[in-house]
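First up is the structure itself, then whatever we jot down about it.
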Amino acid sequence: MRYSLTSLITQTLSGHKGWKPQWRDAAPKDEYDIVIVGGGGHGLATAYYLAKEYGLNNIAVLEKSWIGSGNVGRNTTIIRSNYLLSGNIALYEFSLKLWERLEQDFNYNAMVSQRGVLNLFHSDGQRDAYARRGNMMLLNGADAELLDRDGVKKLYPFLNFDAARFPIQGGLLQRRGGTVRHDAVAWGFARGASERGVDVIQNCEVTGIDIVGGRVTGVTTTRGKIRAGKVGLAVAGSSSRVAALAGLRLPIESHVLQAFVSEGLKPVIPGVITFGAGHFYISQSDKGGLVFGGDIDGYNSYAQRGNMPVVEDVCEGGMALMPSIGRARMLRNWGGLVDMSMDGSPIIDRTDIDGLYLNAGWCYGGFKATPGSGFVFAHLLAKDAPHPAATALRFDRFRTGAILDEKGQGAQPNLH
Amino acid sequence: MRIPCPFCGPRDITEFAYHGDATLTRPAPGDAAMHDYVYLRDNPTGVHREHWYHSAGCHAWLTVTRNVSTHEIVGAEMAHKEAS
Ligand SMILES: Cc1cc2nc3c(=O)[nH]c(=O)nc-3n(C[C@H](O)[C@H](O)[C@H](O)COP(=O)(O)OP(=O)(O)OC[C@H]3O[C@@H](n4cnc5c(N)ncnc54)[C@H](O)[C@@H]3O)c2cc1C
Ligand SMILES: [Zn+2]
C-alpha cells in the first residue's frame, strides 16, 4: 500500500481497520543470490537499494533478534556530514543528500528534520581547527558556516557564554544537518525492501559462514543452512564475532556508548548543539525529551549498558554548557554496542574470501551514514567494485598506510 | 567497576586509563606481523585480559581479567610480573 493523503483519508473513514503489516515477516528459503547478515539500518538499507537501484531481489536480510533492536534503534538520531577528510566527507555527504529525499524515495515518514548541527568552539586553536574543517566541507560540496559569538547567541541565547573556563567563542554550523526518527528508518527500509521481494527474516542468527575452496557458499543459522552466492556482513557492534566465523580478524574493538533522555519539556532547543570543551551533545526530540550523550565508556564491552563515570561526565558537560538543564530530570538511559575501528572510520569492502563482503567500523557515528552506506554497499555487492563515494573505505588501508584518521590519534579505538 | 590494584587495593575505575588487549606480543621491528599487532584484535565476548594504567594512583601497569559481557572484574595483577 502506498502511503498518501488519500490512503490516510480512506483509512480514517473506515475506522483504520484496513492497515496492513508494513513488511512480510518472511521464513528463510534454502537459497538466495545475496544474503545480508544484520537487520539494522545498514543491512536493511543495503537490501532496499539492491532491489531498487540494482534490480536484484532474490535477497534475504537475516536478523538474530527483531529488526531495529540494535544501534539503529538506540542512537541519538543525529545526521550531518561535517567531516575533515575527503575520503569520509564523500560518503557522509552522499548520505546526507540521500536523507534529503529519502521520505519521498521510500514513501515513509522518517521525520527527517534539517534543524542544523552546531559545533561550539572555546579557544582560538579550536576556532582555527573548525575553520579548516568548514573549508574542507565546502571544498567537498557540503555546507558549512563559521559563526562568531554573536551568531551563536542569536540561535541559542541560553547557553553559558561567559563560563570562566570555557567561554563560547563561536561555532561551526551545518544547517543541512539535523535529526531523523531512527526506528522509522529501519521500518521504512524494511518495508521498501520487502515490497520489492526481499525476505526480511527475524530471529535468525548466523552461527557459521560456509566457505569452500576460498569461496563463500552460504551461512549456517539458528533456522537452518542457507546457500548464498554472496554474503554481506552489516552487524555493527558484532562485526568481530561474525567475521571470526569466516576466520577473519578485524581492526575493530567493541565498546559501549550511552544515551540519555530527559522528561518531556516545552520546545527549548531547536537544533543540535555539541559542546567543544567536553564530551556532550544535545538535541530535543519532537516529543519534547532532551536527547543527549557524550563519549564512549572507553573499554571493551558487549554488555549494551555502561557505567556511572560516563553518566557523571556527560551531566557535567551539560551543566557547563547550559546550566538550565540542571532543572530537568533524566528519564532513561541505555547503551549500545559500537564497532570502534582503529582509525575511527568505517570499512566497506571485499574480504580475502570470494563472495564475502564487509560493512563495519561505524564507531559511534553510523546512523547518519545509513542510506549512504546501504547504497554503496549495494553497489559493491551488485557490481563487485566500490561505489565512487566509498573508494577510501578500504579493508587493507591499515596495511598500506592509507588510513582515515580524522582525529590523528593513531591506532587507539578507545580514543576515536 | 572497581579494579583491585595489588598495590592500592580496590579503586574506582575513574582512577585508571585503559590500554586494551593484554594478550598481544610485540613482534620485532620490521616484522610483517607488526600490522597485526598494531591493528588487529580478537575482540572476544566473555573473559578478556586487558591492560589498565593506575594513572591517578600508584602509576603501575596492571593486567586485569574482566568479563566484557557482564563487566565483572575477575582479578588484577601487576603487568610486569606477567612479562617477566
Ligand atoms: C547510544 C548511541 C548513540 C548513537 N548516536 C548516533 C548519532 O547521533 N548519529 C549517528 O550517526 N550515529 C549514532 N550512533 C551510531 C549508530 O547507531 C551505529 O553506527 C549504526 O546504527 C550501526 O549500523 P546498523 O544500524 O546497521 O547497526 P545495528 O542496528 O546494530 O544492526 C546490526 C544488527 O546485526 C544483528 N546481528 C548481530 N549479530 C548477528 C548474527 N550473528 N546474525 C544475525 N544478525 C546479527 C544485530 O542484532 C543488529 O540488529 C549511536 C550509537 C549508539 C549506541
Ligand atoms: Zn595502584
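We name chains A, B, ... by the order of the sequence lines, and we start the count at 1 in each one.
Heavy atoms of B:Ile13 lying under 4.5 Å from chain A belong exclusively to its side chain. Contact annotation for A:Gln304: neither backbone nor side-chain heavy atoms come within less than 4.5 Å of a heavy atom of chain B. For A:Ile252, the parts lying near chain B are the backbone and the side chain together; criterion is any non-hydrogen pair under 4.5 Å.
Here the closest non-hydrogen pair linking B:Leu24 and A:Arg249 is CD2-NH2, 4.0 Å.
Put simply, of B:Ala17, B:Ser69, B:Gly20, B:Ala32, the one with the most heavy-atom pairs under 4.5 Å next to chain A is B:Ser69. Listed options A:Leu250, A:Leu337, A:Val256, A:Asn414 were ranked by heavy-atom pairs under 4.5 angstrom with chain B; first place goes to A:Leu250. No other option in B:Asp12, B:Asp21, B:Leu40 has as many heavy-atom pairs under 4.5 Å with chain A as B:Leu40. Heavy-atom pairs under 4.5 Å with chain B peak, among A:Ser254, A:Ala411, A:Pro309, at A:Ser254.
In this structure, A:Tyr299 and B:His71 have side chains that are in contact, with non-hydrogen atoms separated by less than 4.5 Å. At a threshold of 4.5 Å between non-hydrogen side-chain atoms, the residues A:Arg399 and B:Asp36 count as touching. The shortest side-chain heavy-atom distance between B:Arg41 and A:Ser240 does not fall under the 4.5 Å cut-off.
In this structure, CE in A:Met308 is found 12.0 Å from OG1 in B:Thr14, a value given to the nearest 0.5 Å. Interatomic distance, B:Thr70 OG1 to A:Arg305 CZ, rounded to the nearest 0.5 Å: 7.0 Å. The structure places CE of B:Met1 at 8.0 Å from OG of A:Ser301, a figure rounded to the nearest 0.5 Å. B:Tyr39 contributes atom OH, which lies 4.5 Å from atom CD1 of A:Ile403 (distance to the nearest 0.5 angstrom).
Checking A:Asn300 against B:Tyr18 by side-chain atom types alone, a donor-acceptor pair falls below 3.5 Å. No side-chain donor-acceptor contact under 3.5 Å links A:Tyr302 and B:Asn67.
Remark: A:Asn203 CG is packed, more than 12 non-hydrogen atoms of other residues, nucleotides or ligands lying under 6.0 Å away. The 12-atom threshold is not exceeded at CZ of B:Arg2, counting heavy atoms of other residues, nucleotides or ligands nearer than 6.0 Å. Counting heavy-atom neighbours within 6.0 Å of A:Arg397 CZ, excluding the residue itself, gives a total above 12. No more than 12 heavy atoms of other residues, nucleotides or ligands lie within 6.0 Å of NE2 in B:His19, so this atom counts as exposed by the packing criterion.
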